[in-house]
Amino acid sequence: MSAETPEFDQFDDEDGDQQLGATASGRKRLFSKELRCMMYGFGDDQNPYTESVDFLEDLVIEFITETTHRAMEVGRPGRVQVEDIIFLVRKDHRKYARVKDLLTMNEELKKARKAFDEVKYVE
C-alpha cells in the first residue's frame with residue numbers, strides 16, 4: 001500500500017483539523033498526537049521526530065486498512081463485524097487477548113452507563 005492511497009480522506013475530523021498535519025500526498029494525519037504519546041510511553045523522546053511519527057502512522061494506517069479489507073472478505077461481503085476481527089486475530093494470542101479484553105471492558109462500561117442512567121431516572 002502506498003502513501004498516495006486516499007482511503008481515509010473520508011474520515012477527516014472537522015473538530016481536530018487544526019491539530020492534524022497533512023502529508024505530502026495531502027492525507028491528513030489522524031493519529032499523530034496519540035502516537036507521540038505512545039512513543040514517549042515506550043521510551044522515546046518526549047518530542048519524537050516528526051518523520052518517525054509519520055512513518056509509524058503510515059504503518060498503523062496500512063495495518064488498519066489491510067485488516068479491514070481482510071475482515072470484509074471473511075464475513076458478510078462489504079461489512080465488518082466484531083466476529084470477523086476476532087476470526088482474523090485468533091491465531092495471534094496477544095492480539096486475541098487484547099481484543100477480548102477490550103470487548104469485555106466495553107461491555108462493563110455499557111452496563112455501568114446503563115446502571116448510572118437508571119439511578120439518574122429514579123431520582
Side-chain angles (χ1 to χ4, degrees):
M1 166 159 270
S2 67
E4 294 90 34
T5 309
E7 272 119 357
F8 289 94
D9 287 345
Q10 62 188 348
F11 298 113
D12 291 346
D13 182 15
E14 292 176 15
D15 298 330
D17 281 346
Q18 66 274 9
Q19 72 180 9
L20 299 175
T23 63
S25 64
R27 183 172 50 80
K28 301 237 188 246
R29 290 291 172 187
L30 302 172
F31 305 112
S32 293
K33 183 178 179 183
E34 292 82 1
L35 287 172
R36 286 179 189 278
C37 292
M38 287 176 66
M39 290 171 72
Y40 179 63
F42 280 99
D44 202 336
D45 189 68
Q46 189 168 5
N47 295 309
Y49 290 126
T50 303
E51 293 84 5
S52 299
V53 177
D54 291 349
F55 178 72
L56 191 57
E57 182 163 1
D58 289 341
L59 291 175
V60 168
I61 289 177
E62 182 177 336
F63 174 78
I64 292 170
T65 303
E66 288 178 6
T67 303
T68 303
H69 284 283
R70 288 177 47 215
M72 288 189 334
E73 294 170 1
V74 169
R76 291 176 54 196
R79 291 198 57 166
V80 176
Q81 296 180 321
V82 174
E83 293 80 15
D84 302 332
I85 302 297
I86 294 171
F87 178 79
L88 290 175
V89 300
R90 73 191 183 284
K91 293 180 182 176
D92 186 331
H93 298 293
R94 291 179 73 186
K95 288 179 188 169
Y96 183 77
R98 182 66 176 151
V99 167
K100 284 296 190 185
D101 286 345
L102 291 172
L103 290 172
T104 302
M105 197 179 322
N106 188 39
E107 287 301 316
E108 290 174 6
L109 286 171
K110 283 182 184 178
K111 289 177 185 175
R113 282 189 202 109
K114 185 176 179 181
F116 181 76
D117 288 342
E118 288 174 359
V119 168
K120 193 175 176 181
Y121 288 128
V122 171
E123 294 177 358

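Keep in mind that what you see is a predicted model, and the values were worked out from it rather than measured. Index from 1, following the sequence.
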Review point. Which residue pairs satisfy the salt bridge (charged side-chain N to carboxylate O under 4.0 Å, His left out) criterion with at least one member in residues 95-104, sequence neighbours excluded?
Key: Asp92-Lys95

Point to revise | Pairs satisfying salt bridge (charged side-chain N to carboxylate O under 4.0 Å, His left out), at least one member in residues 70-87, at least two apart | key: none

Practice item. Mark yes or no: Arg90 above the aromatic ring of Phe87, with NZ or CZ under 6.0 Å from the six-membered ring centre and no more than 45 degrees from the axis. Key: yes

Point to revise | Non-neighbouring partners of Phe55 that pass side-chain contact (heavy atoms from CB on, under 4.5 Å), sequence neighbours left out | key: Leu59

Check your understanding: Is any NZ, NE, NH1 or NH2 atom of the basic residue among Asp45 and Arg36 found under 4.0 Å from an Asp or Glu carboxylate oxygen of the other?
Key ->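 Answer for the salt bridge query: no.
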
To the closest 0.5 Å, what do you measure between [atom1] ([X]) and [atom2] ([Y])?
X     : Y     : atom1 : atom2 : value
Phe31 : Leu56 : CZ    : CG    : 11.0 Å
Ser52 : Glu57 : OG    : CD    : 13.0 Å
Arg29 : Leu35 : CZ    : CG    : 9.0 Å
Tyr40 : Asn47 : OH    : CG    : 9.5 Å

Point to revise | For Lys110, all residues meeting salt bridge (charged side-chain N to carboxylate O under 4.0 Å, His left out), sequence neighbours excluded | key: Glu107

Review point. Between Ile64 and Val53, is there a shared hydrophobic cluster once you connect ILVMFWY residues whose side-chain heavy atoms come closer than 4.5 Å?
Key: yes

Review point. Rest of the hydrophobic cluster containing Met72 (Ile/Leu/Val/Met/Phe/Trp/Tyr, side-chain heavy atoms under 4.5 Å)?
Key: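 Members alongside Met72: Val80, Ile85.
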
**Study point:** Whichever hydrophobic residues join Leu103 through chains of side-chain contacts under 4.5 Å
**Key:** Val82, Ile86, Val89, Tyr96, Val99

Review point. So, for Pro48 and Met39, which heavy atoms are closest and what is the spacing to 0.1 Å?
Key: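 Taking Pro48 first and Met39 second, the nearest heavy atoms are CB-CE, 3.7 Å.
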
